[in-house]
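The structure under discussion appears below in the form of structure tokens.
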Amino acid sequence: MTIRERITAVKVNLKSKTSKEGWVLPRQTTSFADPGVWTNIDCDVTPPERRTWSAWTMFGYWFSDALNAQSWMAPASIIALGLTWREAIVCIIFGSLVCTVPLVLNGMIGARLHIPFPVAMRASFGWYFSRFGVVTRAITALFWHAIQTYTGSTAMTQIIRSIWPSYLDIPNHIPEGVGITTQGMISHLIFWLVQFPILLIPPHKLKWFFVAKCVLVITTSVAVVITMTSKAGGTGEIWKLPYGVEGNARSWLILSSLSSITGGWATMATNIPDFTRYLKTDKGVYWQVAFLPGIQLMLGLFGIICCSASKVVYGKYLWDPLEIAAQWDGPAGRAGAFWVGLCWVVAQIGTNLSANVISCANDIMCLFPKYINIRRGVIITTITAAWIMQPWKIIHSAQSLLAFMAGLGIFLAPIAAMLSADYWVTHGQKLDVPGLYRAHGRYRYNKWGTNWRALIAFLVSVVPTIPGMAASVDPSIKGNIGGAEKLYYMFYFWGYTSAFVVYITLSHFFPAPETHVPATIYEDTDVISAAEEEKGESDLGDEKKGGEVQSSPV
């Protein structure tokens, strides 16, 4: 009877999903939203019982995010361009340090107000214009989730072939133009099936996953370094490679590489409130200054050492740790390949969790709160990125698209800058949290729901760098853009700084007084105390009538 009742319940639920109304989510009673407007608990202020993260959780989070195959291979692109390992290390350290500025400034918004990135955006961009920033961030997350998932499938290949070597001999029945083989498609499917249930875990319950990934990836990475240096009888000759470029060109190349490292973290610097909202206190935000550069440096050094040793052992530079593991045969070699594959399977899942899937799900959820919660957002994100976008085609035939994806940092830099500038300077760390959830609240700005100051700052930041981004996608036009190419070499520095300065300048000389409050308002009941502070002690006597404080309207 129990099984029959459950089957009946499932049939009723599936039948309800055949209509649009069947997908409507229950309206949450804890929301600050206007009457009749849908929202849900994932879009609302994070309740106290979900604020479970500590500084150690942030440590595990950044290990989960930064420990991926792309970070291991980060020095490769720098050295391949003609620089040496010294410049690669400098770019990794300082590029990561630069990115910690918006990580801390924007992370504090989530840690103090416990609101997600799409909601925090409304204070600076306005009710409707904020959606542009949210969509931009969501598109970036979709592309990177696709790429990270495909990388994870190559790690899954190492796990399977280490157990069944004949797995590599599966006949291919997929046309070459598709960009993937039958064996690769099987690996992609298996990896996605393993990843999918983990992605459905609520963010506030993920801290132990981050810790587990930290232990596994560090242990395996150290073992790979020891193995390769032992096989090579040392660390190889990469430390003696000469410069491939000289003079002024080298200086610009260093600046470009530094900006690329910084731009690689532009996504997380923008929507970091999506994760810091789960912190118990805001102290964990500051530790990011040490966490990110330290992890990046460690993994970058591992990549350089193993790549150098691979030249001695295999006669060629191998930057991909999975490609190194693919060279290992025999019982001991396949055992090692298994652990390397397992390491990067977990690493890619963790990166997808921390940097892509949850971020995109938050964005979609806040755009369509009536129909999508974070769980549904995760499902939409991972199906779209892993299958509809066909990441094997992105990797196989669209290097220009990858260059374009890296260039998306030009759009994310001003968004991150204005999020920081608005909270710390323009509004002096004082926001009306309930007002952020109201379409006609104090942060609407005008009938178009757009803060024109943010629009101008965005254009000033982005427009000058677009020709350089176009040249990175299509090198044939480099001779027609003049000095714009040089500006693109420092796109994140220009984008963040220019947007920050222009926004606070316009907000200072052309303020929007209706958006300012004298103290942070967390609940509607805080309005009275905020009004008292605004009037000041000198005027408090005039405000009191009959022992009551006459407060201003919200």
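- The residue from Ile201, Ile372, Leu199 that alone fulfils the side-chain contact (heavy atoms from CB on, under 4.5 Å) condition with Val378 is Leu199.
- Between the side chain of Asp274 and the backbone N or O of Pro116 there is no donor-acceptor pair closer than 3.5 Å.
- Ring geometry for Trp252 versus Tyr489: interplanar angle of 30 to 60°, hence tilted.
- Every side chain to side chain donor-acceptor pair (under 3.5 Å) that Asp282 has, sequence neighbours left out, goes to Arg112.
- Ion pair Asp363/Arg137 not flagged as a salt bridge, since none of the NZ, NE, NH1 or NH2 atoms sits closer than 4.0 Å to an Asp/Glu carboxylate oxygen.
- For Ala88 against Ile79, the heavy-atom pair with the smallest separation is CB-CG1, 4.3 Å.
- Residues forming a salt bridge (Lys or Arg N to Asp or Glu O under 4.0 Å) with Arg375 (at least two apart in sequence, or on another chain): none.
- Between the CH2 atom of Trp62 and the OG atom of Ser96 there is a distance of 9.5 Å, given to the nearest 0.5 Å.
- The side-chain heavy atoms of Trp344 and Thr151, taken from C-beta on, include no pair separated by under 4.5 Å.
- Counting heavy atoms from C-beta outward, Cys91 and Leu258 have side chains that approach closer than 4.5 Å.
- Under a cut-off of 6.0 angstrom, the local environment of OH in Tyr371 is crowded, with over 12 non-hydrogen atoms contributed by other residues, nucleotides or ligands.
- Arg250 forms a cation-pi arrangement with Tyr243, by the criterion of a distance under 6.0 Å to the ring centre and an angle within 45° of the ring axis.
- In this model, a donor atom of one side chain and an acceptor atom of the other lie less than 3.5 Å apart for Thr84 and Glu87.
- Nearest approach of Gly107 to Ile272, heavy atoms of both residues: N-CG2, 3.3 Å.
- Rounding to the nearest 0.5 angstrom, the gap separating the CG atom in Leu142 from the CD1 atom in Ile380 is 10.0 Å.
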Could you go through the side chain to side chain contact (heavy atoms under 4.5 Å, CB included) check for His145 and Thr384 one step at a time?
CA-CA 10 Å; His145 177 42; Thr384 301; over 6 Å; no

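- Inter-residue side-chain proximity for Ser461 and Met418 is flagged as unmet; no heavy-atom pair is nearer than 4.5 Å.
- Shown here is Lys486, whose NZ atom has more than 12 heavy atoms of other residues, nucleotides or ligands within 6.0 Å.
- Side-chain contact check for Met389 versus Tyr150: every heavy-atom pair is 4.5 Å or farther apart.
- For Trp287, the CH2 atom sits in a loose shell: 12 or fewer heavy atoms of surrounding residues, nucleotides or ligands are nearer than 6.0 Å.
- Residue Trp452 is tested with Phe125, Tyr445, Tyr503, Phe510 for a ring-ring contact (aromatic ring centres under 6.0 Å, His included); the sole match is Phe510.
- No hydrogens or angles considered: a donor-acceptor pair under 3.5 Å links the side chains of Trp192 and Thr382.
- Closest non-hydrogen pair, Pro293 versus Thr100, comes out as CD-CG2, 4.0 Å.
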Decide yes or no on side chain to side chain contact (heavy atoms under 4.5 Å, CB included) for Phe191 and Ile349, but give the supporting numbers first.
CA-CA 9 Å; Phe191 175 79; Ile349 293 175; 3.7 Å; yes

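- Separating the CD1 atom in Ile379 from the CG atom in Asn373 is a distance of 8.5 Å, to the nearest 0.5 Å.
- Note: Trp53 and Tyr278 have tilted aromatic rings, judged against thresholds of 30 and 60 degrees for the angle between ring planes.
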Practice problem: Dump the intermediate steps for side chain to side chain contact (heavy atoms under 4.5 Å, CB included) on Val425 and Phe500, then the final yes or no. | Solution: CA-CA 10 Å; Val425 181; Phe500 195 101; 4.0 Å; yes

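- Pairing each heavy atom of Leu25 with each of Pro369, the nearest pair is CD1-O, 3.7 Å.
- Remark: Ile410 CD1 to Trp494 CH2 distance equals 12.5 Å, nearest 0.5 Å.
- Side chains of Gln348 and Thr149 form no contact here, defined as non-hydrogen atoms less than 4.5 Å apart.
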Q.
Checking Tyr496 against Ser420 for the side chain to side chain contact (heavy atoms under 4.5 Å, CB included) test, could you report, in this order, the C-alpha distance in whole Å, the side-chain angles of both residues, the deciding distance, and whether it holds?
A. CA-CA 10 Å; Tyr496 190 89; Ser420 307; 3.0 Å; yes

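- Between Trp265 and Cys99, the shortest heavy-atom contact is CB-SG, 3.1 Å.
- Gln195 and Asn352 share a donor-acceptor pair across their side chains, judged by distance under 3.5 Å alone.
- When atom types are taken as modelled, the side chain of Arg122 and the backbone of Leu436 share a donor-acceptor pair closer than 3.5 angstrom.
- Contact annotation: the side chain of Ile504 approaches that of Thr426 to within less than 4.5 Å [non-hydrogen atoms, C-beta and beyond].
- A donor-acceptor contact shorter than 3.5 Å links the side chain of Trp72 to the backbone of Trp319.
- Looking only at side-chain heavy atoms (C-beta outward), Val517 and Leu431 stay at 4.5 Å or farther from each other.
- With rounding to the nearest 0.5 Å, the separation of CD1 in Ile115 from SG in Cys43 is 10.0 Å.
- Checked against the 6.0 Å centroid criterion, the rings of His440 and Trp127 do not qualify as a close aromatic pair.
- Taking all atoms of both residues into account, the shortest heavy-atom contact from Val502 to Val460 is CG2-CG1, 4.0 Å.
- Partners of Thr46 by side chain to side chain donor-acceptor pair (under 3.5 Å), not counting sequence neighbours, listed by chain and number: Arg277.
- Going from atom CG of Asp320 over to atom SG of Cys307 covers 10.5 Å, rounded to the nearest 0.5 Å.
- A donor-acceptor pair under 3.5 Å is absent between the side-chain atoms of Ser259 and the main chain of Leu255, judged by distance alone.
- For Thr136 (side chain) and Phe132 (main-chain N/O), a donor-acceptor pair under 3.5 Å exists by modelled atom type.
- Side-chain contact between Ile358 and Leu353 is present, with at least one heavy-atom pair separated by less than 4.5 Å.
- No option in Leu412, Leu103, Leu419, Asn106 other than Leu412 meets the side-chain contact (heavy atoms from CB on, under 4.5 Å) test with Thr270.
- Although no hydrogens or angles enter the test, the distance criterion places a donor-acceptor pair under 3.5 Å between the side chain of Asn446 and the main chain of Thr450.
- Checked by atom type and distance alone, the side chain of His427 never pairs as donor or acceptor with a backbone atom of Trp424 at under 3.5 Å.
- Around CH2 of Trp448, the count of heavy atoms belonging to other residues, nucleotides or ligands within 6.0 Å does not exceed 12.
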